[in-house]
Each structure stands twice: as C-alpha cells, then as structure tokens.
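We're numbering straight along the sequence, starting at 1. Values below: every heavy atom of this structure, side chains too, minus hydrogens, waters and symmetry copies. Here the structure is a predicted model, which is why all the values come from computation and not from measurement. Counting convention: from 1, in listed order, for ligands and their atoms alike.
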Amino acid sequence: MKVLEKVRSQTGHEGNDVMENYFSTTVQAIKENIIHHLMSFQGRDPERSGARDVYKALAYTMRDIMVEKWISTQKTFYAKQKKRVYYLSLEFLIGRSLGNSMTNLGILDAAKKAVEELGFDMEEIRNQEEDAALGNGGLGRLAACFMDSIATLKIPAYGYGIRYEYGLFFQQLVDGYQVEGPDNWLFDGTPWEFERSLPLFNVQFFGNVTGYVDENGNYRAKWVNTKDVKARASDIMVPGYRNDHVINMRLWSAQSSRELDLTDFSKGDYIGAVESKVSSETISKVLYPPDHNYAGQELRLKQQYFFVAATFQDIMRRYKKKHDSFDQFTDRVAVQLNDTHPAIAIPELMRILLDLEGLSWEEAWHICVNTFAYTNHTLMPEALERWSVEMMGRVLPRHLQIIYEINQRFLDELAQRYPGNVRKLRDLSIIEEGPVKMVRMAHLAIIGSHSVNGVAELHSKLLKERIFPDFHEFFPGRFNSKTNGITPRRWLLDVNPELADLISGRIGFGWITDLDQLRGLESFVEDTEFRQSWQRIKFNNKKRLADYIKKTVGVTVSPDTMFDIQVKRIHEYKRQLLNALHLIYLYHRIVRGEADDMVPRTAVFAGKAAPSYWRAKLIIKLITSIADVVNNDPRVKDRLKVVFLPNYNVSQAEIIMVAADLSEQISTAGTEASGTGNMKFSLNGALTIGTLDGANIEIREEVGKENIFIFGMTAEEAEYERKNASRTPWQICRKNGEIAEIIESIGDGSFSDGNKDLFKPLVDSLMDKHDPYLLLLDLESYIDCQKRVNRAYLDQENWTRTAILNVARMGKFSTDRTIKEYAEEIWGIPVG
Ligand code: NBX
Ligand code: IMP
C-alpha cells in the first residue's frame, strides 16, 4: 500500500490508474521489455543474445503482464468474499507455458512480431522451453487442463502441488530398451515461477503424541518431538483465455528447517550437518512414477503429507484473515482431492480443527466431510493406494490415531445398519487386516468426503457396481460422474493454428470458449473447398511429424501414408501389444504378397513405462524390435513403417496429436477410467479405432456410431470372459492360422535375432487363459475392424467428411464443461 501511495504522489496519478496496464502489450513495449529483461535480469548484451536468452526474456515479459492481472484477480476474490476452491494434486503436467500464455493473453501476434523484429523466429524461441513434466500421464495433464478452464471461467480457485526438482524421468531408447535418465528441468531455473520467501511453513514428521487438559478442562492431543521441514512456495501464474483473469498454482519445495543442524555442527560433524540438510530437502526432489509398491516407500508418504500440511496452513491463513470462527468454513472453502494422493488431508484437517483449534469431534467431522470431494481415476484394484499401518504410525503418529478414530466411528455406524455382518465391516474398514496391516486410502477418502466422482460414465458406473458397491449402498448419492475433458485453448487453438484459423474463418471465434459451437462445422461437410483446405492442413501437420521422426529416430516416413498412432503410458491394460500384433499381421500379409489392397501405413508409438514395470518395458522392446525388422525388410518397401518415439511428453504430444489419421484407443473394456488422449486426437480430426471403454463410449455417442471404428468386447462381456473363459487363446489359435502365426513369430525369435527366450514372457501372457487383458479374445475383432479402417481410408473424401464431423461433435469434451459441472454440482459455485 505504501509503495503505491508513493508512486501516486510522485506521478500525480489518481486512484488505481497507476496500476492499470502497467505493462503495455504493444509490439514496441514487448520489444522494450525483452531488452530490459535481457539486460537488467540476465546481464546479457542484447546484441549478443541467443534464442535461449530471448526465450527467457520473453517469458519474463509474459510473467510481468500476468502478475499484474493476478494481483487484481486476487483482490476481487477478497472483495467478493466468495467460496474458493483448492484443487490438490500431486501432479500438474503443464508442459511448456510460453505458447499457451501468449495465446491466452491475446498477444501472440504482437509477441511474434516483436521477436521477429529482434531477429528471431518464434518457433525457434518456443523450442527453447523445457517441459514442466510434473506429472505421469492423464491424471496430471487433466489437472493442468482444469487450471486453464478454471481461469477461463473465472472461478476463485488455486491449484496446489509440489515443485519437483526432477520431473518425470527422461526416456531414452538404447538398443530398443527403455533407459531412464533424470529430468533436470530446473537446471537453469524457470522463468514462469515466483519464488516466495513468505509464507514459509513448518511441517512436522515422526515424534510422538502426548496429551494435556486445556483451559476448558478438555483433553487435547499434542504432537511433539518431531523432525521438521520447511515448505516454501513458488507460484506459477495461469491466465484465463482473454479475460484478464489470472490464477495461480502454488507449488511447494522442501527446505531444511535449519540451514545447518547446529547440534551436529557444534559436535564438529560438519558433513553430518550438511547431510541432514540435504536429506530434508529430498522430499521435493523427484516425482514418483506409479508403482504398485508404494506401500513401503516412506519418502512418497512424506511427500504427500508435506504437500498437504503446507497447503492447509495456507488455506487456514487465508480463511482466518476474514473469519474468527469456523462457522463459515464450508461456505468459503472447497477442496478437491485429485485421486487419493492428497487424501492424508482428511486426518490433517481433523488434526488442525481438534488439536489446534479446539473443536469437538462432531463439529470437526462435519466440516471435514463437507469440505472434501474425491476424484477416483482408476478401475484397477491393485492401483488403489495403501500404506502400512506401521509406517503411518511412525511418520505421522497423530494422523494414525485420527484415522483409527474415524474408522471406529464408521464401523460403529456400519454395525448398527448391518447387525452381525462381519464381512461388511472387514471389507469396508479403512484398516485392512492381514499379516501386514494396511491403511486403505480410498476408503478414507470416500468416508471423509461428501462427493466421490469417476471420470467417465462407464467408470463411475463401475465404481458403484464393481469396485465400491458396499460404499455406494451405504452412502447413496455420494457417488457421481464427471466426464473428463481437455482444454481447447491448448489442444486445438495452440497446437493446430492452421486448423483453428480455418474453423474460425467459417464459424467465428466463439468455439474457443464455447466448444459446442463447433457444431456449426457440420454445414461445411459438403463444401469441397473446405474439405481441400482441411486435407492440406492435415498433410502439413503430417509433414511436420515426418520431419520430427526423421530428426529424432532417423526413420524416413511419408506423409502420404496413413498415420496410425498410439501414444500414452505403456501399460498392459492399454494394450499396445494388441496394436503390435496387428502390425505383425500386416507384415506377414505383405511378405506373403497378400497386401494389394493395403493402404500404406506409418504406425507411431510413444510412451513411458514405469521403471519398475518390467513387462511394460518388454513391450517397448518388442515394438522397437518389430520396427527394426519391418523397416529394414526390402519386401515391405514403403507399405509399412513402425516408429517408437522416445521420451513422450506434452510438447511431443502437441506435434503428434495433430498429425494423426487414426487414433488407437484399444484398452480392454472396463479398464481405462476415461482417457483424454482420445479426445485430443478426435478434436484434431483423427478418426478413432477403439473399444467400448472409458470416454470412448461417450465419444461414440457424440460423433455417431458410423463415424468411429468400434470393436471388441463390452465391459460386461470382458468380465464374463474373465470368469468363464468361454474361449481360450489356444482354441483361438487352432481356429485361426494367421493368429497362430503371429504368436509363433514372436516366440520363435523372428523379432529377436533368433532369441526364443526374450519375448517368452509376452507369449506366455498372451496364451494364458487367465490373461486379464483378454488380448487374443479381442484380436480377431480388432483385425476385422482395421480392415474396415483400411477400406474407409481408400475413400479420402469420405474420410475427410467423417473427420470434420468428429471435430464438429467434440463440444462435450471441453474441460470448460467438466469444470462447470464440478463447480455447480460439487463445489457449490455457480458459473457465469
Ligand atoms: O487419469 C488416468 C487414467 O488412467 C485415465 O483413464 C484418465 O483419463 C486420466 C484422467 O482422469 N490415470 C493416471 O494418469 N494415473 C496416474 O498418472 C497415476 C499417477 C500416480 C499414481 C498412480 C497413477 N501413483
Ligand atoms: P494471499 O491470498 O494472502 O495468498 O494473497 C494473494 C494476493 O491477494 C496478494 O498478493 C494480494 O494481492 C491479495 N490480497 C491478499 N490479502 C488481501 C486482502 O485482505 N484484501 C485484498 N486483497 C488481498
């Protein structure tokens, strides 16, 4: 306040206008700001600066513009005293920020011109940026898309997460195998964050719980003798689309609670003192890849609690500025838990309200349940998080007590409702009994929230019927569905500027914030000129991907072939292997000379496997091995190429998605919660080949079943087959010689220089009658469906018509729609 008054008196400006547009966005002003940043902050000579310097200076320029808008956005939050939403996520897969912020601020053209006038090319500048890979896959990217929509819809909200020093590992292919390396994305800092010196919060670990009687004669617990770590905030600004609204993601880093441990130091143990500083700072060092073996990983639990404890201190600080009781808490605060990763927030809020604020259990529990909502992202029972009771009790002793108390009260209610039903009590308990007692975080999240949502219709239905039926019965109305989406700003406007221009030229710009308006494109389906432009744009995008492939893996592919693409995390349930089996099928046909009617294809894969998931890594090796054989067999000529692109990330996805003709979404029905890649492809004019799984079902509903290639079992049929195995892989191979041949060729060393052992584990799983992913059972249907794709592609005009209809009917899959549903139906915040 004081600074502002001073500026006002010196400049003679009245009221708020000193603050208004402090940073101008004309070409001239952007140029001046770039030069200013080069000199004042980077100490560079503008005449000798390179693309990287200019990238940073431009990023700082964007950040300046955003922070001004952020300050006024925050002020309106305070002025209007509205309910705020806190989106808690251990992952935000942001990718690059420059393009998106220029677009959303509406200064892309001006910035481009400014950069050009300084002698640089915008493409080159944009390529200087490191990806912020602070997430593993769909869950993390969804959080990033949500932030864009929340800002665009002007919802008072914050994202909270961890500022990992190392993001998702860097994937290299060495001899066709995945090799992981560190993703040191912060080696040179990032221009997008504001590192805050305040607030600096204390986070406790370990220690023990004692009790005392407070001034009112009530027993209160006290957590003492703890080892503490400090949490320091960095803010990353997120601008809404051309609406002057800017929100922030607050990411925490761990900092040693004392610069060097003085007791060690005074004992003369200098190195020990440094080690203990380093060890407290490891908490925010690295993003964990998904692993079924978290249970014993203390550091992961510490990350989760560190993040939650810091976030709740910040939430409380903000709430207490304007309130001196907790009566209005649930009218002012909503917390969305992105999966169970932050679910330790439930006992943490209880601890704050009970131990620090002195509320009764009933009051605290009422606030807790009405504050939290939990989103589930998986149908795999083995992927549900569990922590050993022993470890929880050691690292977070007070939280374990609270969890036990929550559980006891819940079990008492259950016992009342279902007298004598021991099975129910055992199945629903937060604590899993057994040789090693475990805390089931999903149960804690369901019991401690007023809303539990799945991320697509089928997923939500299966959560209710298959994964948590007893909870659904006990808490009717608590379960609901929020179908995922993607932000059209990044996933069409930014990544496919030519297509965006073509679309806007015909139907105007309204679609950017109201994706349903894409329906207007349907009337251009029969417009030959429109279709030609459409095809030219797709061709250009394919050409760009072809160049990228050449540059990264050295394989020459032709943009005249069908680009058949599967990019996503490598996982058995996503069935990259099914795609690989089809490619072997095509290869065999070509070799046998039966491929006259075959459209030349380029099959592209990309994705990372969890470092501990050896079977997924073997699938990568199989794909790269098929690529080696197929791409080097002279009989194949240019009819088939197979490419595995290393190090899939958001910025690679941006090049890939727009270039696809065919999008592979082929998970076993009933396994993929939703998928969001499916939406990105379709929004950019690829046709989908897919199973009736996740959001594919809703995509089919929207685009019409004649405009999508669906094959395979339904979720119900898959469930039935898993139980009854009506057809075994052996029977299928006996009946279908071509399928038998595919499997044999993997087993006999055809793709492994004669080594029959290498892929044996994959052959064994394919031939196992208990294969949970049912690959062989869907293979015939998949191959048939691919034949339909092949025929359809021969008619390019009709293919283009279908592609246009796909884009025209993707309106539902905007995160603007998803977020509006969360806001109105879960958070109790009306939207515009
Ligand atoms: O979340 C994904 C689902 O698999 C997709 O079907 C869904 O579309 C997407 C968004 O709802 N899940 C996901 O990406 N999970 C993880 O990345 C993950 C990360 C850490 C972990 C477990 C899973 N411990
Ligand atoms: P925080 O909400 O305390 O994290 O502060 C974020 C931003 O909101 C600050 O930088 C201020 O611009 C603004 N702000 C913070 N407190 C107040 C308030 O009490 N009234 C109005 N604006 C505030």
Side-chain angles (χ1 to χ4, degrees), residues 1 4 19 67-81 84 86 89-93 133-146 156 158 160 168 194 196 198-199 233 235 237 246-248 250 287-295 297 300 303-304 311 313-323 338-342 375-380 382-386 441-442 453-456 458-460 481-486 568-569 571 573-574 607-608 610 612-613 665 667 670-680 693-696 813 815 818:
M1 216 46 187
L4 204 54
M19 289 281 286
V67 79
E68 188 184 351
K69 296 179 195 293
W70 176 79
I71 288 172
S72 62
T73 303
Q74 296 300 317
K75 287 205 169 121
T76 58
F77 290 175
Y78 278 95
K80 293 190 185 152
Q81 284 287 320
R84 299 170 201 242
Y86 294 92
S89 179
L90 268 274
E91 306 191 4
F92 287 92
L93 226 185
L134 310 185
N136 279 289
L139 169 156
R141 183 54 232 176
L142 184 73
C145 284
F146 275 7
Y158 305 76
Y160 274 87
L168 183 57
F194 279 102
R196 308 282 183 191
L198 286 173
D235 288 334
M237 310 280 121
V246 174
I247 59 171
N248 69 304
R250 178 155 279 188
L287 165 74
Y288 272 89
D291 191 325
H292 303 330
N293 227 348
Y294 278 147
Q297 293 178 17
R300 165 88 178 169
Q303 278 190 340
Q304 296 185 344
T311 302
Q313 290 181 64
D314 214 22
I315 294 174
M316 288 296 172
R317 171 188 66 79
R318 209 170 274 129
Y319 176 79
K320 284 182 163 182
K321 275 198 233 178
K322 305 280 169 189
H323 303 276
N338 198 19
D339 217 295
T340 56
H341 314 156
T375 306
N376 172 289
H377 296 268
T378 185
L379 280 162
M380 306 292 189
E382 70 272 16
L384 296 173
E385 273 192 308
R386 295 140 77 242
M441 297 306 274
N453 75 283
V455 291
L458 174 66
H459 172 227
S460 307
S481 186
K482 299 283 168 281
T483 297
N484 281 164
I486 56 176
K568 47 181 81 251
R569 289 302 294 255
H571 202 296
Y573 84 77
K574 294 178 187 281
K608 295 176 184 177
S612 62
Y613 192 175
Q665 308 300 335
S667 51
T671 63
E672 185 72 275
S674 161
T676 45
N678 45 6
M679 303 166 187
K680 292 164 197 166
D693 198 16
N696 295 352
F813 303 102
T815 34
T818 313

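- Residue K80 qualifies as open at atom NZ: its count of foreign heavy atoms under 6.0 Å is 12 or below.
- At a heavy-atom distance under 4.0 Å, only side-chain atoms of E91, from C-beta outward, approach ligand 1.
- For the residue pair N338 / T375, no side-chain donor-acceptor distance below 3.5 Å is found, with atom types taken as modelled.
- Residue-ligand proximity, S674 to ligand 1, at heavy-atom distances under 4.0 Å covers atoms 6 (O), 8 (O).
- Ring geometry, H571 versus Y573: the interplanar angle falls from 30° to 60°, so the pair is classed tilted.
- Counting only N and O atoms by type, the side chains of T676 and N484 include no donor and acceptor under 3.5 Å apart.
- Numbered from 1 in the order shown, with element, the atoms of ligand 2 that lie under 4.0 Å from a heavy atom of Q74 read 7 (C), 8 (O), 13 (C).
- Closest to atom 12 (O) of ligand 2, if we only count protein heavy atoms, is I71 CG2, 3.9 Å.
- When each atom of ligand 1 is checked for a heavy atom of E672 under 4.0 Å away, the hits are 3 (C), 4 (O), 5 (C), 6 (O).
- Note: no N/O pair closer than 3.5 Å links N136 and ligand 1 by distance alone.
- Remark: R318 is not positioned above the aromatic ring of F77, lacking an NZ or CZ atom under 6.0 angstrom from the ring centre and at most 45 degrees off the axis.
- By the 3.5 Å distance cut-off applied to N or O atoms, K574 is not counted among the residues near ligand 1.
- Residue contacts with ligand 1 for V455 involve side-chain atoms from C-beta outward but no N, CA, C or O (heavy atoms, distance under 4.0 Å).
- For Y613 and R569, the side-chain atoms include no donor-acceptor pair closer than 3.5 Å.
- Close to ligand 1: G675, with a non-hydrogen atom less than 4.0 angstrom away.
- The main-chain N or O of G670 is found under 3.5 Å from a side-chain atom of D693 such that the two form a donor-acceptor pair.
- Residue contact check: W70 has heavy atoms under 4.0 Å from atoms 6 (C), 7 (C), 10 (O) of ligand 2.
- Taking 4.0 Å as the cut-off, E385 does not count as a neighbour of ligand 1 on heavy-atom distance.
- Near K322, the atoms of ligand 2 lying under 4.0 angstrom from a non-hydrogen atom of the residue are 19 (O).
- At least one N/O-N/O distance between K321 and ligand 2 falls below 3.5 Å.
- Heavy-atom proximity to R318, at under 4.0 Å, picks out these atoms of ligand 2: 1 (P), 2 (O), 4 (O).
- Taking only nitrogen or oxygen atoms, main chain and side chain alike, G140 does not reach within less than 3.5 Å of ligand 1.
- Contact annotation: for D339 versus ligand 1, there are no heavy atoms closer than 4.0 Å.
- Within the 4.0 Å heavy-atom cutoff, H341 counts among the residues contacting ligand 1.
- Side-chain contact, E91 with N136: a donor N or O sits under 3.5 Å from an acceptor N or O.
- Note that atom 15 (C) of ligand 2 has protein non-hydrogen atoms nearby, at separations under 4.0 angstrom.
- Residue nearest to atom 21 (C) of ligand 2, selected from Y158, F77, Y78: Y78 (by heavy-atom distance).
- Put simply, part of R300 is less than 4.0 Å from ligand 1, judged by heavy atoms.
- Between D314 and Y160, the side chains place a donor N or O and an acceptor N or O closer than 3.5 Å (distance only, hydrogens not considered).
- Among the atoms of P290, none of the N or O lies under 3.5 angstrom from an N or O of ligand 1.
- The atoms of ligand 1 that sit less than 4.0 Å from any heavy atom of A673 are 6 (O).
- Close contacts of ligand 1 with G138, meaning ligand atoms under 4.0 Å from a residue heavy atom, involve 1 (O), 9 (C), 10 (C), 14 (O).
- Cation-pi contact between R84 and Y78: present, with separation from the ring centre below 6.0 Å and deviation from the ring axis of at most 45°.
- On a distance-only criterion, Y573 and ligand 1 share at least one N/O pair closer than 3.5 Å.
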